[in-house]
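A short write-up of the structure that comes next.
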Amino acid sequence: MKILISWIAYNNDFQEGQVNPSGPTFNYHSYFFEEESYDKHILLAAKETENIPITRLQNKLNSDFPKHNIEPKIISIDDPIDLKEIKTKVEQIILEYSDGEIDIFFSPGTSAMQL
């Protein structure tokens with residue numbers, strides 16, 4: 001199984017409260033997801049209070065790309081610049097899928113999330 005893991009990019013994936021069709025996540029699904037032959041996209045969000053935007057993004061992606069398997073995961077992170085906390089929580093997700101081939105796109109988010 002080939003899996004893509006990435007953070008939701010709140011400042012770029014949304015525009016005026018709506019999914020931004022020019023945002024990085026939507027663009028990735030438009031141009032690269034099928035080309036890279038992914039079986040699943042695990043979309044990470046950093047706080048439970050932000051679940052509405054991730055649900056909105058997942059619904060839009062499911063609507064426009066019905067063949068793409070998108071799984072949102074909300075990670076409770078107390079400090080978005082605490083590398084140790086982020087690393088520990090993301091490692092748990094990576095270990096869940098260690099049987100598969102995993103690509104990680106951690107560009108969106110804080111510098112610590114990118115690492």
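- In this structure, the side chains of V19 and R56 come closer than 4.5 Å at one or more pairs of heavy atoms.
- Interatomic distance, E96 CD to I5 CD1, rounded to the nearest 0.5 Å: 9.0 Å.
- For K87, the NZ atom counts as loosely surrounded, since its 6.0 Å shell holds 12 or fewer non-hydrogen atoms of other residues, nucleotides or ligands.
- Separating the NZ atom in K84 from the CG atom in D79 is a distance of 13.0 Å, to the nearest 0.5 Å.
- For the atom pair I104 CD1 and W7 CH2, the distance stands at 11.5 Å (nearest 0.5 Å).
- Contact detail for N27 and S22: the closest heavy-atom pair is ND2-O, 2.9 Å.
- Under the side chain to side chain donor-acceptor pair (under 3.5 Å) criterion, E71 pairs with K40, K73, Y97, not counting sequence neighbours.
- Under a hydrophobic-cluster definition in which Ile, Leu, Val, Met, Phe, Trp and Tyr are linked whenever side-chain heavy atoms come within less than 4.5 Å, directly or via other members, I75 and L95 are assigned to different clusters.
- Listed for the D39 side chain is a donor-acceptor partner under 3.5 Å among the backbone atoms of K2.
- Taking CG of D82 as the reference point, atom CD1 of I77 lies at 9.0 Å (rounded to 0.5 Å).
- Judged by distance alone, with hydrogens and angles left aside, the side-chain atoms of N20 form a donor-acceptor pair with the main-chain N or O of N12 at under 3.5 Å.
- S6 has its side chain out of reach of L44: every pair of non-hydrogen atoms, C-beta onward, lies at least 4.5 Å apart.
- Rounding to the nearest 0.5 Å gives a distance of 13.0 Å between CG of L61 and OH of Y28.
- In this structure F33 satisfies the ring pair (Phe, Tyr, Trp, His ring centres under 6.0 Å) test together with H29, Y38, H68, sequence neighbours excluded.
- Considering every non-hydrogen atom in both Y10 and P53, the closest pair reads CE2-CB, 3.8 Å.
- Between the E85 side chain and the D78 main chain, a donor and an acceptor come within less than 3.5 Å of each other.
- Among all heavy-atom pairs drawn from G23 and D13, the shortest one is C-OD1, 3.9 Å.
- For P21, the side chain to side chain contact (heavy atoms under 4.5 Å, CB included) partners at least two apart in sequence or on another chain are F26.
- Taking OG1 of T25 as the reference point, atom CD1 of I8 lies at 6.5 Å (rounded to 0.5 Å).
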